[in-house]
Amino acid sequence: MSTQSTRLAARFMVAPSVIVLFIWMIVPLAMTAYFSFRLYRLLSPDRSGWVGFNNYVWFFNSPDFWLALTNTLLLVGGVLIITVILGVLIALLLDQPVKGQGVLRILVIAPFFVMPPVAASIWENLFMHPQNGLFAAIARGFGAQPILFLESYPMPSVIAIVAWEWLPFATLILLTAMQSLSSEQLEAAEMDGASALSRFRYIILPHLTRAITVVILIQTIFLLGIFGEIYTTTQGGPGSASTTLPYMIFKQAIVAKDIGRAAAGGIIAVILANIVAYFLMRSIGKHLDA
């Protein structure tokens, strides 16, 4: 009886925050869905009305939409590959007993706390600038022409910037998982004659599987909404070469002042994000149950 009353009291205390959170989420989503079916342009407020699925049709018929969707998937996939691979390698290095290990870990994690526009500006001006950047100076030192990274390779450049920002997060999660691995298991494998590569393949990597799935899940959710780095560096260009779905929605809402189409793009982005999250949750659930 006491257990039931305790549960009832807990639900009663939690209910206000759940209701507020639900309203906080559902009201903007409902308004976005409402405007996505309407003609609503800030430059011509006198022209308005119900247009049905026309805003959605415009998105799916636009070549920029499919390019933006492709760029979004390339950005997410590229950053995940870089951060997971390098994160595992760096976690292995940081797990070794070396002098100044604490300071080294702080330095590795520090980039995660840099604001995205600031990080993008640092890369654009200090590293990738065709005249004053570090990479340009290195190229001239070898007698080569500096590479116009943001003009010639916009998406790989954005992927590199975003990966630099998220690598500390992946490293921190993977390092925590590494430290939970029993050293006795590794020592036993070493005494049995297992090479370093074999110990990594059959002991360390399977142990990191759960941590890797968590990294992929969390990063994917945030990477689907990357905007600041693109706005700071390429502005979606040249042309639409580095335009992602969030940046395309931004251009419709702020540049074109077309709230109806921007709202339709927002609903499409929410649906795609939920589809991706659903499959990722199923995948991570299998690993956690294993």
Side-chain angles (χ1 to χ4, degrees), residues 64 67-94 96 98 100 103-175 212 215-216 218-220 222-248 250-251:
D64 288 342
L67 178 59
L69 181 60
T70 302
N71 287 339
T72 303
L73 297 178
L74 286 175
L75 175 64
V76 173
V79 173
L80 287 178
I81 292 173
I82 294 172
T83 54
V84 169
I85 293 176
L86 292 183
V88 170
L89 296 178
I90 296 175
L92 287 172
L93 292 175
L94 293 179
Q96 304 303 315
V98 294
V103 177
L104 184 61
R105 290 177 180 176
I106 293 175
L107 292 176
V108 170
I109 297 171
F112 186 66
F113 300 100
V114 180
M115 295 297 292
V118 176
S121 181
I122 291 173
W123 273 84
E124 180 183 16
N125 295 291
L126 296 184
F127 293 100
M128 297 181 176
H129 195 280
Q131 295 180 350
N132 304 320
L134 177 62
F135 297 151
I138 294 174
R140 284 194 293 268
F142 285 97
Q145 289 294 326
I147 300 174
L148 303 176
F149 287 97
L150 297 175
E151 289 78 8
S152 303
Y153 307 100
M155 276 310 299
S157 300
V158 173
I159 290 173
I161 294 172
V162 178
W164 179 81
E165 295 173 6
W166 281 93
L167 180 58
F169 171 81
T171 302
L172 181 62
I173 299 297
L174 295 169
L175 178 60
I212 291 174
V215 168
I216 292 174
I218 296 176
Q219 286 194 171
T220 299
F222 284 96
L223 292 174
L224 287 171
I226 288 294
F227 168 79
E229 294 85 346
I230 297 175
Y231 180 79
T232 304
T233 54
T234 64
Q235 289 80 48
S240 300
S242 60
T243 296
T244 58
L245 189 54
Y247 195 81
M248 185 179 180
F250 160 79
K251 288 198 296 184

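Because the structure is predicted, anything quoted here is derived from the model rather than measured. By convention here, the first residue in the shown sequence is residue 1.
A distance of 6.0 Å or more separates the ring centres of Y153 and F149.
If you take CD1 on I230 and CG on L150, they are separated by 11.5 Å, rounding to the nearest 0.5 Å. With rounding to the nearest 0.5 Å, the separation of OG1 in T220 from CG in L73 is 10.5 Å. Of the inter-residue distances, the one linking I138 atom CD1 with F127 atom CZ reads 9.5 Å to the nearest 0.5 angstrom. One finds the CG atom of L245 at 11.0 Å from the CG atom of L67 (value rounded to the nearest 0.5 Å).
The shortest distance between side-chain heavy atoms of S157 and M128 falls below 4.5 Å. No side-chain heavy atom of I226 sits under 4.5 Å from any side-chain heavy atom of T244. F169 is listed as a side-chain neighbour of I218, based on a closest heavy-atom distance under 4.5 Å.
Residues I161 and A120 share a closest heavy-atom pair of CG2-CA, 4.0 Å. Here the closest heavy-atom approach between residue A119 and residue W164 is recorded as CB-CZ3, 3.7 Å. Of all heavy-atom pairs spanning S242 and G236, the tightest one is OG-C, 3.1 Å. The two residues E124 and T233 have their closest heavy-atom pair at OE2-O, 3.8 Å. Closest heavy-atom contact between P154 and G237: CB-O, 3.5 Å. When every heavy atom of T171 is checked against every heavy atom of G87, the shortest pair comes out as OG1-CA, 3.7 Å.
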Point to revise | Worked verdict on L223 versus L80 for side chain to side chain contact (heavy atoms under 4.5 Å, CB included) | key: CA-CA 9 Å; L223 292 174; L80 287 178; 4.2 Å; yes

Check your understanding: Passes side chain to side chain contact (heavy atoms under 4.5 Å, CB included), F135 versus H129? Steps please.
Key -> CA-CA 8 Å; F135 297 151; H129 195 280; over 6 Å; no

Exercise for review: Check the pair E229, E165 against side chain to side chain contact (heavy atoms under 4.5 Å, CB included), reporting the backbone distance first and the verdict last.
Suggested key: CA-CA 10 Å; E229 294 85 346; E165 295 173 6; 2.5 Å; yes

Check your understanding: For I90 and L167, what are the C-alpha separation, side-chain angles and deciding distance, and is it a side chain to side chain contact (heavy atoms under 4.5 Å, CB included)?
Key -> CA-CA 9 Å; I90 296 175; L167 180 58; 3.7 Å; yes

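Note on residues 107-123: pairs passing side chain to side chain donor-acceptor pair (under 3.5 Å), not counting sequence neighbours, are S121-N125. Residue pairs meeting the side chain to side chain donor-acceptor pair (under 3.5 Å) criterion with at least one partner in residues 68-92, sequence neighbours excluded, are T83-Q219.
In this structure a side-chain-to-backbone donor-acceptor pair under 3.5 Å is missing from T243 to M248.
Around OH of Y231, the count of heavy atoms belonging to other residues, nucleotides or ligands within 6.0 Å does not exceed 12.
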